[in-house]
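Every heavy atom of this structure was used, including side-chain atoms; hydrogens, water molecules and symmetry mates were not. We count ligands from 1, going down the list as the structure has it; atoms in each ligand are counted the same way.
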Amino acid sequence: MRYQDIDWDDMWRESRSQKSWKKKKNSDWDRRAASFAERNIDSPFVAQFMSRIRIEHDWTVLDVGCGPGTLAIPLAGQMRKVTALDYSASMLSELDKLAKGAGRNNIQTIQTSWDDDWQALGIGRHDVAIASRSLSVEDLKGALTKLNAWADKAVYVVDRVGAGPFDPDLFRAIGRNFQPGPDYIFTVNILYTLGIHAHVDFITLNNKRIYGSREEALQSYRWMVDDLTALEEEQLTSYVDAQLNELGPKTWQFTRQTAPQWALIWWQTR
Ligand SMILES: C[S@@+](CC[C@H](N)C(=O)[O-])C[C@H]1O[C@@H](n2cnc3c(N)ncnc32)[C@H](O)[C@@H]1O
C-alpha cells in the first residue's frame, strides 16, 4: 500500500462515526458557558498557547469557536483587532462581559457557525485565523480549507491528542467502552493532502485540577458522558469523590491518572 492510497478524509469520517460521545449542540454550550468561562479564562492552557503563537501588534485575528474569549481576550491585548465567532449566544455574552472587565474594546463578536456563509456575513480575511478546541465539525477538510482561505499569514489549530479533555478512567469506572474518535493525527494528514506541511507542538496540562466545589467537579465530569443512567450517575459520583481532595474553602483538587494533552498545529498561509 502506498501513502497516497490512504484517504485520510474517509478514514476521519469512519473513525468519527465510531466515537462514543455525541457532538454538542449550541444549546449544550449555552448551558455550559458560565462554568466554562470560570475555569478556562485564566487556565494554564492560555499561557502555553500565548507563548507559542507568533503575532504582531498591527495584525488582526479571526477566532473561530472562540467560546468565552479564552484566547480572544489575551490576543486582543496584543493585536489590533479580534473577530470572535461562535454559534453559542451565551459564550459570546460571557466574552463581551469579560472583555469589558478587561478593558478590551477591539473585539467584534459574531454569532455564527462553521457552516455559515462567512462572506455573506461580511467576515473578511484576517492576518491570522485560529480554531482552538473547536474543531467538532462534520467536514474537517472543509473547515481547514476555510481557515486557510480566511488567513493572510498563518493559521493555528488546537486539536485533541487521544482522549483530549475526556478522562478515560471515568469511562472505565462506569463500565463503558470509550472511543475518543479521530484526533490531531488525522488533521495533520488531511492538511498534508491539501499541500500544507504543518508544524506540530503539544500543550500538556497538569493532571491536577482545582474546582470551586464538589458539585462543580461533578458537573464537569457529567459533561463527558451522554445519557447517564441512574446507576452510572452513582458510579460517576463515587469515581469523582475518590479523586477529589478538599484543600480548603472553595478549593477541591481533582487528580487524574492521565494529563489532558492538546496538539497545536500551525502553518503559514503564504
Ligand atoms: C471547548 S470550547 C473552546 C473555546 C475556546 N476556543 C477555547 O479554546 O477555550 C468550543 C467552542 O466551540 C463552539 N463551537 C462548537 N461547534 C461550533 C460550530 N459548529 N460553529 C461555531 N462554534 C462552535 C462552542 O460553542 C464553544 O464555545
Looking at [Y], is [X] sitting on its ring face, NZ or CZ under 6.0 Å from the six-membered ring centre and within 45 degrees of the normal?
X: K146; Y: W118; answer: yes
X: R160; Y: W262; answer: no
X: R133; Y: F49; answer: no

Ligand-side contact atoms (ligand 1) for residue partner [X], heavy atom cut-off under 4.0 Å:
X: S88; result: 25 (O)
X: G67; result: 4 (C), 27 (O)
X: T70; result: 5 (C), 7 (C), 9 (O)

Are a donor atom and an acceptor atom from the side chains of N189 and Y3 found within less than 3.5 Å of each other?
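Present: a donor and an acceptor within the cut-off.
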Evaluate whether atom NE2 of H57 has more than 12 neighbouring non-hydrogen atoms of other residues, nucleotides or ligands under 6.0 angstrom away.
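No, NE2 of H57 has 12 or fewer neighbouring heavy atoms, counting only those of other groups under 6.0 Å.
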Taking the six-membered ring where the residue is Trp, are the ring centres of [X] and [Y] under 6.0 Å apart?
X: F166; Y: W21; value: yes
X: Y184; Y: F202; value: yes
X: W29; Y: W223; value: yes

Which part of [X] is near ligand 1, with near meaning a heavy atom under 4.0 Å away: side chain, backbone, both or neither?
X: C66; value: backbone
X: W29; value: side chain
X: N40; value: neither
X: T112; value: backbone
X: M91; value: side chain

Say you draw a straight line from OG of S132 to OH of Y156; how long is it, rounded to the nearest 0.5 Å?
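Atom-to-atom, S132:OG and Y156:OH are 13.0 Å apart.
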Of all the non-hydrogen atoms in the protein, which one sits nearest to [atom], and at what distance?
atom: atom 2 (S) of ligand 1; answer: F36 CZ, 3.7 Å
atom: atom 14 (N) of ligand 1; answer: Y87 CE2, 3.4 Å
atom: atom 20 (N) of ligand 1; answer: W114 N, 3.2 Å
atom: atom 10 (C) of ligand 1; answer: R133 O, 3.5 Å
atom: atom 3 (C) of ligand 1; answer: S132 O, 3.5 Å
atom: atom 25 (O) of ligand 1; answer: D86 OD1, 2.6 Å

My understanding is that we take every heavy atom of each candidate and find the minimum distance to atom 11 (C) of ligand 1. Doing that for A131, G65, P68, which one comes out nearest?
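Shortest heavy-atom distance from atom 11 (C) of ligand 1: G65.
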Is there a chain of hydrophobic side chains (I, L, V, M, F, W, Y, each step under 4.5 Å between heavy atoms) that links V188 to V158?
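V188 does not cluster with V158.
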